[in-house]
Every structure is written in C-alpha cells, then in structure tokens.
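Before any comments, here is the structure.
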2 protein chains.
Amino acid sequence: MSWSKDEKDGPRGYHHGNLKEALVRAALELIAQKGSAGFTFAEAARWAGVSPAAPYRHFRDRDDLLANVALRGFEQFEIALARAWDDGRPDALTALERMGKAYLAFARAEPAYYSAMFESGVPPASTPELRAAGERAFAVLREAAEKVCSQMPPKGRPPALMVALHIWATSHGIASLFGRGDAAQRTLPMSAEELLEAGVLVYLRGLGVTAGSGS
Amino acid sequence: MSWSKDEKDGPRGYHHGNLKEALVRAALELIAQKGSAGFTFAEAARWAGVSPAAPYRHFRDRDDLLANVALRGFEQFEIALARAWDDGRPDALTALERMGKAYLAFARAEPAYYSAMFESGVPPASTPELRAAGERAFAVLREAAEKVCSQMPPKGRPPALMVALHIWATSHGIASLFGRGDAAQRTLPMSAEELLEAGVLVYLRGLGVTAGSGS
DNA sequence: GCCTGATGTAAAAGCTATTTACATGAGCTG
DNA sequence: CAGCTCATGTAAATAGCTTTTACATCAGGC
C-alpha cells in the first residue's frame, strides 16, 4: 500500500503497479523535450524503470501509446475549451475570444499533448475513441459558433459549421506556426494571442457581427 | 556519358554520379508514402542503390537531408505562389484568391515537400538558407497583402504584415487539418478550397475591402 | 602516367522495435 | 490458508536504423 499506485515512485517489486499511467507521463515528458518524432518507446520504459518489453503489456506498439496520449490530449483540450467558453458568459463574443486564448494557451502549456494530437502523424481516426474525442473538442467550438451566429439577423446568416471551421483553422494555423515561443519556431512582431484576436475580430466584422450587440 | 548524371538509372560503376539528387528524390518518394516520420536514411540509400553510409558524403545526417528537402520545398512553394499571384493581375483580389488555391494545391500535389517544410520537426531556422527560403515564400504573400491594403482608404488601413499573417495562418490551418483528402485526414462538408476562399472573403469584408473596387 | 580528393564500401558499435518463452505475485476460490 | 490462474514483468533474440572509421575506387589535374 505504500509503494505503488501512488504518485510517489519509490522502490517497487516485480510489478510496477501503475505502469500504464507512468508510461503516459513519461511519454508526455519525452515528447515535450524532444518532439513526438524523437520520442522512444524504450526510453519511456527506462524512464518508468521497467524493461523494454513491459510497455507491450499496455500498448500494442509505439503508435498506440502516442494515440493514447493524443486521446487524453483531446479530452483535456475539450475541458480547457469548454471552461473558457463557459456557456457563452457573459456574452458570446467575449467568451469566443476567451476560447481563442485558451486554444493558444493549451498549445503553449501542453506542447506534448498538442504535438501528439496534431503533429505526430497519428491519424485523427486511428481509433473510434480518438475520433470521438476530437469531435467532442471541436463540438465546443461549434457550439460557440452557433451561439454567435444565432445572434445575427436570420437573413444572410452564415452556416455555423463554416464559422467554426474558419476559427479552428486560423487558431490551429497560428498555434502551429507561431504557437510556442520556442526557438524552434517562427518569431512574430506581436503575440500569437493578439494575432488571433485581431483575426477573429476582423472575421466577425466581415460576418456582420458587431461587438456589444448580443446578451 | 551514358550511365550517370542522367535521369535514367542504368547500371553504374563504383560511383553513383548523381547521388545527392537521387537521395532527394528518394526522400520525396518515401516521405510521400510513409510520412516524414517514417522516412529512413537507410531506405533512401537502398532506393538509390548505394550502401547505408554513402549518404553521409552528401548530408550530415538524416535531419540534414530532411532540411534540404524542406529547402527545395520552400523554393518550389515560392515559385508556385508567385506564379499564382502573377503580380496581382488582373486585380489584387482575384490574384489573392488564386494564390490561396495555389497554397492548397501545393499542399495536395506535393505532400512530401509540404510535410518536410511544416510537419517534419525541422526547425524553420535550422539553417540560414532554409530560413531565407521560408521568408522569400512568405514575402510573396506579404506582397499580395500589401497590394490589397494599398487599395484601402489610408484611414484605418490595417498593417499589411498582419493581414499576410492572418491569411497564412488560415491557409496553413486548413491545409494541415483538411489539406489532403487523405484517409489519414479529417473530412469536410465542403472542399478545402471553398472553405479557404469563403474565409478570406469574409475576412476581407471585415477589413472593409469590397470586391471589384481595385484595378 | 600518377597523385589526390571526392565519393563509395565494409564492418562495427550502439540504438530501437517487437516477439517469444519464461517468471512473479495479486487476488480469487475453496 | 493453500493453490490456481491471469495479468504483468523480465530475458533474450531477431531485425533494422544511425552513425563512425578505415579502406577502396576513380575522375581530373599536373
């Protein structure tokens, strides 16, 4: 009771006790350090203090672990976006901007998750669960787009799905290109957040949305 | 004169004669097939018919080859964008839309280049040449943004750099997320081209640009 | 015709991924 | 509590990749 299943990684016996979680944590650490490409199954095992074959008891192969990390990433991502959206309080536009910031903040705060989710080469539909998790995260954005659109005059109202895709693509593009102030990244004459906020504002104005018009 | 330095890869002697080019072509082929992550130095060597150590005479290591592919990719990319822009003929907006289509067309037609450029983990500034090539490609986009902006009334005219970054991010986001109809990619209720064109039109309207107002 | 540098090869060390046969021990069953 | 059994680890082996080092070949200049 005092050696495993705990957060503390003290000495252990033959069995690890919580290897799956330990491997995921190791993967996150390694991906954050060396990118999803440089991440190694064997090193994750070493990091967890087990033999190179042990991880195969929990993941089919290296890609399966990566996909699992991506899955958890989408779940965290959904939570982060939903929290920022906060049901559109106090108003849809304010909440949308907040969600944009949350998008970039997630990419910066959780580069390992973000990398596994979008840059690891794991197909978004490699498993049904992964696909579903990705769709749930996108659904938050779509919900926001729907609320924004619903406040527009019905005449000439754009499809909410399209709006959601535009905002997603722009956010993702900014995060991918300039997201982490990383030295391994392009630099920018302004912050990524400012760039995204400005872009979304211009875009919404193009849709006919005027700030301060909704509840 | 009949066995090497040619396109034809007939039998060869001790020396290959054009190994560097052959390796780049092999890399493009392999990256297109298995992604920039699955690409292997050894396999490229095999594909070129040389020993696994031979490539080291032309590239410092695997990443160096990848960076070289990315460099050539940016050069081709610049050409493709510049051709589409065509100095803003017949008018800036038409040319800008054409360039957007060229962006997506490049990502789809040259997935190996695109992958090496943006998804391989090669830092954009890993070499000065790579950085410069990337900047030259972006400069085409920036030039277009400047022309579009210059047609707006000076009052409230947005910074062209920002406009260029917005369009770049959106294009890149769409290309990354939905770019190749690939099974390994997300699907879309519309074509990537339509999505981008609509997004840019809305964005430009938000800037106050009205279609058919410039020469 | 001979040197020399550029370009390849061979062989080896040190990784990694993955499989297979075997070991351990946690928890259920009686 | 004894014994069984399955989940979880280990050891060892195969196969492939990366990179280095010492050696081989040959094209072109003197």
Side-chain angles (χ1 to χ4, degrees), chain A residues 1-6 9-27 29-31 33-69 116 120-122 126, chain B residues 1-6 9-27 29-31 33-69 116 120-122 126:
Chain A
M1 190 72 86
S2 70
W3 44 276
S4 68
K5 300 243 179 210
D6 285 346
D9 45 330
R12 66 170 182 87
Y14 193 92
H15 291 93
H16 182 286
N18 205 9
L19 184 52
K20 188 164 185 174
E21 293 305 315
L23 287 172
V24 169
R25 277 193 304 245
E29 184 67 28
L30 293 172
I31 293 172
Q33 283 177 16
K34 313 192 288 187
S36 52
F39 149 71
T40 264
F41 219 30
E43 194 164 358
R46 217 176 298 134
W47 212 82
V50 296
S51 75
Y56 289 88
R57 295 296 177 191
H58 300 276
F59 301 99
R60 194 164 11 75
D61 55 21
R62 183 183 172 284
D63 285 350
D64 190 35
L65 171 50
L66 221 49
N68 197 281
V69 171
S120 65
V122 172
S126 65
Chain B
M1 189 73 86
S2 69
W3 46 276
S4 68
K5 301 244 180 208
D6 285 346
D9 45 331
R12 66 171 182 86
Y14 192 93
H15 290 93
H16 182 286
N18 205 10
L19 184 53
K20 188 163 186 174
E21 293 305 316
L23 288 171
V24 170
R25 277 193 304 247
E29 184 67 28
L30 293 172
I31 293 171
Q33 284 177 14
K34 311 193 290 186
S36 52
F39 149 71
T40 266
F41 219 30
E43 193 164 359
R46 216 176 300 134
W47 212 81
V50 296
S51 75
Y56 289 86
R57 295 296 178 194
H58 300 277
F59 302 98
R60 192 163 15 75
D61 56 21
R62 184 184 172 285
D63 285 349
D64 190 35
L65 171 50
L66 222 48
N68 197 282
V69 170
S120 65
V122 172
S126 65

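Lettering of chains follows the sequences in order, A, B, ..., and the numbering in each one begins at 1. Predicted model, so just to flag it, every value in this text is computed and none were measured.
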- Message: Rounded to whole Å, how long is the line connecting atom CG of A:D63 with atom C1' of C:dT16?
- Response: 14 Å

- Message: My understanding is that only residues two or more places apart in sequence, or in another chain, count here; which of them pass side chain to side chain donor-acceptor pair (under 3.5 Å) with A:S36?
- Response: A:S115

- Quickly work out the B:D64 CG to D:dT18 C1' distance and round it to whole Å. 14 Å

Give me the distances for all protein-to-nucleotides 21-23 of chain D N/O pairs that come in under 3.5 Å?
none

- Message: Test of understanding: with salt bridge (Lys or Arg N to Asp or Glu O under 4.0 Å), list the residues that count as partners of B:E21, not counting sequence neighbours.
- Response: B:R72

- Item | Any A:F39 side-chain heavy atom under 4.5 Å of A:R62 side chain | yes

- Could you state the atom-to-atom distance from CG of B:L19 to P of C:dT7 in whole Å? 9 Å

- Query: Quick one: A:F59 CZ to D:dT8 P, roughly how many Å, whole number?
  - Reply: 12 Å

- Separation of D:dT8 P from A:L23 CG (nearest whole Å): 12 Å

- Sequence neighbours excluded, the answer for side-chain contact (heavy atoms from CB on, under 4.5 Å) partners of A:S126 is A:A67, A:V122, A:P123, A:L130

- Note on the structure: Minimal heavy-atom distance between A:L30 and A:T40, with the atoms involved, is CD1-O, 4.3 Å

- Message: Any side-chain N or O of B:H58 below 4.0 angstrom from OP1/OP2 of C:dA6?
- Response: no

- Message: Could you tell me how far apart A:R62 (CZ) and C:dT16 (C1') are, to the nearest whole angstrom?
- Response: 10 Å

- B:F59: side-chain contact (heavy atoms from CB on, under 4.5 Å) partners, not counting sequence neighbours: B:K20, B:L23, B:V24, B:F41, B:D64, B:L65, B:N68

- Message: It should be established whether B:R60 places a side-chain nitrogen or oxygen under 4.0 Å from OP1 or OP2 of nucleotide D:dT19.
- Response: no

- Item | DNA chain D-proximal residues of residues 36-44 of chain A, any heavy atom under 4.0 Å | none

- Nearest-Å distance for atom pair OH/C1', residues A:Y56 and D:dA7: 19 Å

- Could you tell me whether the side chain of A:W47 reaches within less than 4.5 Å of the side chain of A:E29, counting heavy atoms only? yes

- Task: Using atom NZ of A:K34 as one end and atom P of C:dC15 as the other, report the distance to the nearest whole Å.
- Result: 12 Å

- Can you name the residues that form a side-chain contact (heavy atoms from CB on, under 4.5 Å) with A:A54, not counting sequence neighbours? A:L19, A:V50, A:S51

- Message: Counting only side-chain nitrogens and oxygens, does B:R46 get under 4.0 Å of the OP1 or OP2 atom of D:dC17?
- Response: yes

- side-chain contact (heavy atoms from CB on, under 4.5 Å) against A:R46, all qualifying residues, sequence neighbours excluded: A:A42, A:E43

